[in-house]
Amino acid sequence: MSDRSLLVVVLAAGEGTRMKSRLPKVLHKVAGRTMLHHVLAATRAAGATRTAVVVGPGREDVAAEATRIVPDAQVFVQTERLGTAHAVLAARAALEQGADDVLVLYADTPLVRPETLARLRAPLAEGAAVAALGFEPEDPTGYGRLVTSGDELVAIREEKDATAAEKAVRFCNAGLMALAGKDALSILDRIGNANSKGEYYLTDAVEIARVDGRSAVAAKADVDEVAGVNSRIQLAEAEAILQKRLRLSAMAEGVTLIAPETVFFSADTVLGRDVIVEPHVVFGPGVIVGDDVVIHAFCHLEGAQLAPGVSIGPYARLRPGTRLDEGVRIGNFVETKAAHIESGAKVNHLSYVGDAHVGAGANLGAGTITCNYDGFFKYRTEIGAGAFIGVNSALVAPVTIGAGAYVGTGAVITSDVPEDALAIARSRQVVKEGWAKDFRAARADAKKKG
Ligand code: UD1
Ligand code: CA
């Protein structure tokens with residue numbers, strides 16, 4: 001990685017009206033994290049030494065997300081929306097602090113990779129003053145065009161200001177730009193707004209650098225990386241591109257996906273070697289999966305840690321705070337939440353285990369329910385190692401089942417069960433010989449008589 005200092009300026013002051021949302025556009029999520037988070041993660045991986053985020057007026061929510069991801073990020077407010085150069089200049093105080101390189105990105109371009117940012121920035125170390133990132137969209141309408149001559153970038157022309165010849169250029173401006181730190185302010189301060197939109201265009205930086213006798217160049221990126229998100233349709237397109245990337249990388253790292261197109265990851269999903277994921281599985285944020293885990297079809301996981309050799313599903317739901325130790329088995333229609341289940345324990349069918357600790361080797365029969373909530377507060381259930389919980393038992397928390405204890409089928413357990421004890425908590429069975437036969441005869445008789 002380069003040892004040059006890097007100031008990143010992320011523009012997030014757009015209104016995002018086409019999203020038709022109460023939520024600011026850049027807080028919409030792709031693969032479980034906000035678009036702003038994706039951009040900040042990419043810039044961090046690309047070696048950002050300082051981060052400035054430009055937000056619209058009153059956008060405390062965007063500012064809060066920025067500092068959640070990069071705690072020392074500086075947040076600037078662009079009070080009027082007068083164009084992309086004007087937006088960058090809202091971060092003037094950060095630019096004045098100086099940096100070898102300055103990188104400008106849009107927060108609504110979440111798919112850009114750190115490698116591409118490094119490539120965009122590299123020419124600055126060789127003396128270029130400006131580097132722009134270009135791509136070739138299927139339909140260039142609406143984009144600025146990169147006017148090149150050999151290796152040199154001559155100008156970026158906005159569509160509205162372009163001549164017919166310039167409009168014919170297919171190489172378009174993605175919007176990301178690298179500027180030499182020592183020139184950035186002097187260039188930005190000279191950008192005017194004498195154009196068809198009356199806006200301060202960041203793209204004018206190219207021609208100003210060239211007037212100074214400095215060089216400007218263009219790097220090229222894949223369409224899939226620089227697609228901007230302006231609508232829910234483009235949000236779904238970005239999701240599809242990112243999911244494809246995450247699936248390919250999981251498989252490249254030794255995970256078997258039987259039907260990759262049906263498995264959905266979060267950007268932060270961590271998977272070990274020789275994990276097998278059957279069709280139709282959704283990974284929400286915060287999932288860490290160890291080696292040799294099998295995730296059967298139709299599982300939903302979020303905020304869960306699975307140690308090596310665990311097997312879950314089909315149809316298991318692991319909610320936040322689930323921690324499964326080595327070799328644990330979670331079967332069909334089982335839900336877990338804030339539950340630590342120790343090695344070798346089994347919860348094979350139709351159970352809810354919440355706010356609980358289950359010791360090693362315990363066996364929870366079908367339909368075991370931890371009754372953890374009284375409508376006001378949550379309570380914990382402790383199940384000791386090697387305990388056996390009979391089918392259809394309700395464990396009314398707070399309650400402790402001692403190690404090695406036995407709970408008879410159909411129990412409603414309201415007080416603690418000592419170690420190695422048997423607890424039976426159900427009404428005794430009553431049998432009346434011939435009762436059903438007599439009952440039927442009496443009813444049939446009554447019916448006949450009307
Ligand atoms: C811009 C580029 C264009 C490029 C296109 C790629 C300029 C002049 N044009 O055009 O060459 O092809 O992006 O998508 O730069 N923003 C602010 N404050 C402002 C204006 C914009 O924060 O005052 C932010 C927006 O939130 C957005 C980004 O900057 O994230 C781009 O602004 P937008 O108005 O969409 O620029 P385009 O006209 O699409
Ligand atoms: Ca745009």
Side-chain angles (χ1 to χ4, degrees), residues 8-19 21 24-28 34-36 38-40 52-59 62-63 66 75-92 103-112 120 130-148 153 155-162 166-167 169-179 187-188 191-208 216 218 220-221 223 225-231 234-235 238:
V8 164
V9 181
V10 177
L11 305 189
E15 278 156 17
T17 41
R18 278 187 280 161
M19 295 297 282
S21 176
K25 174 165 78 174
V26 300
L27 297 189
H28 282 262
T34 63
M35 292 200 264
L36 179 59
H38 281 287
V39 170
L40 292 173
V53 180
V54 178
V55 305
R59 282 273 72 115
V62 178
V75 177
F76 299 92
V77 177
Q78 185 193 21
T79 41
E80 277 179 293
R81 235 175 149 271
L82 301 179
T84 44
H86 181 262
V88 177
L89 279 171
R92 178 182 293 278
L103 200 51
V104 178
L105 305 94
Y106 301 162
D108 62 3
T109 307
L111 302 178
V112 69
L120 173 62
V130 177
L133 192 62
F135 72 121
E136 286 191 17
E138 239 166 74
D139 176 11
T141 312
Y143 289 107
R145 305 299 206 283
L146 298 186
V147 182
T148 51
L153 178 58
I156 306 178
R157 195 71 68 220
E158 291 308 294
E159 168 125 339
K160 283 199 170 152
D161 304 293
E166 286 166 343
K167 272 189 201 155
V169 172
R170 302 195 58 88
F171 195 29
C172 291
N173 179 27
L176 296 85
M177 188 179 276
L179 297 152
I187 291 175
L188 290 164
I191 291 176
N193 65 350
N195 51 55
S196 60
K197 277 178 145 180
E199 281 188 4
Y200 296 87
Y201 289 167
L202 176 61
T203 45
D204 286 354
V206 172
E207 283 164 292
I208 292 172
K220 195 172 169 184
V223 187
E225 247 186 278
V226 293
V229 173
N230 298 301
S231 65
Q234 289 172 339
L235 186 69

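In each ligand, atom 1 is the first atom listed, and ligand 1 is the first ligand listed.
- The shortest N or O to N or O distance between Q78 and ligand 1 is under 3.5 Å.
- Geometrically, ligand 1 and A12 share no nitrogen or oxygen pair separated by less than 3.5 Å.
- In terms of N/O distances under 3.5 Å, ligand 1 is approached by G144.
- Atoms of ligand 1 found under 4.0 Å from any heavy atom of T84 (numbered from 1 in listed order, with element): 7 (C), 8 (C), 15 (O), 20 (C), 21 (C), 29 (O), 31 (C), 32 (O).
- In summary, E159 and K167 do not engage in a salt bridge, as defined by a charged side-chain N under 4.0 Å from a carboxylate O.
- Atom CG of L153 is separated from atom CG of N173 by 8.5 Å, given to the nearest 0.5 angstrom.
- When each atom of ligand 1 is checked for a heavy atom of Y201 under 4.0 Å away, the hits are 8 (C).
- The closest non-hydrogen atom to atom 19 (C) of ligand 1, taken over G83, A13, P24, comes from G83.
- A distance-only check finds no donor-acceptor pair linking the side chain of K197 to the backbone of G83 [under 3.5 Å].
- Contacts of R170 classified as side-chain hydrogen bond (donor to acceptor under 3.5 Å, both in side chains), with partners at least two apart in sequence or in another chain: none.
- At a heavy-atom distance under 4.0 Å, no atom of M35 approaches ligand 1.
- A salt bridge is defined here as a Lys NZ or Arg NE, NH1 or NH2 lying under 4.0 Å from an Asp or Glu carboxylate O, and E225 with K220 fails to meet this definition.
- Geometrically, ligand 1 and I156 share no nitrogen or oxygen pair separated by less than 3.5 Å.
- The proximity of C172 to ligand 1, defined as any non-hydrogen pair under 4.0 Å, does not occur for either the backbone or the side chain.
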> Would V229 and H28 count as a side chain to side chain contact (heavy atoms under 4.5 Å, CB included) if you check the C-alpha gap in whole Å, the side-chain angles of each, and the deciding distance to 0.1 Å?
Replying inline: CA-CA 10 Å; V229 173; H28 282 262; over 6 Å; no
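- Ligand 1 places these atoms under 4.0 Å from at least one heavy atom of Y106: 1 (C), 2 (C), 13 (O), 15 (O), 28 (C), 29 (O), 30 (O), 31 (C).
- Remark: the backbone N or O of Q78 is not paired with any side-chain donor or acceptor of H86 at under 3.5 angstrom.
- Each of the atoms 2 (C), 3 (C), 7 (C), 8 (C), 9 (N), 10 (O), 11 (O) of ligand 1 lies under 4.0 Å from some heavy atom of E158.
- The atoms of ligand 1 that sit less than 4.0 Å from any heavy atom of K197 are 38 (O).
- In the displayed structure, E136 atom CD is contacted under 6.0 Å by more than 12 heavy atoms of other residues, nucleotides or ligands.
- Not a single heavy atom of V54 sits closer than 4.0 Å to an atom of ligand 1.
- Here L82 has backbone heavy atoms under 4.0 Å from ligand 1, and that is the only part of it that gets that close.
- Using a distance-only test at 3.5 Å, with no hydrogens or angles considered, no donor-acceptor pair links the side chain of R81 to the main chain of T79.
- In this view, F171 satisfies the ring pair (Phe, Tyr, Trp, His ring centres under 6.0 Å) rule with no residue, not counting sequence neighbours.
- Of the candidates D161, N173, V229, the one placing a heavy atom closest to atom 5 (C) of ligand 1 is N173.
- Only the side chain of D108 comes within contact range of ligand 1, with a heavy atom under 4.0 Å; no backbone atom does.
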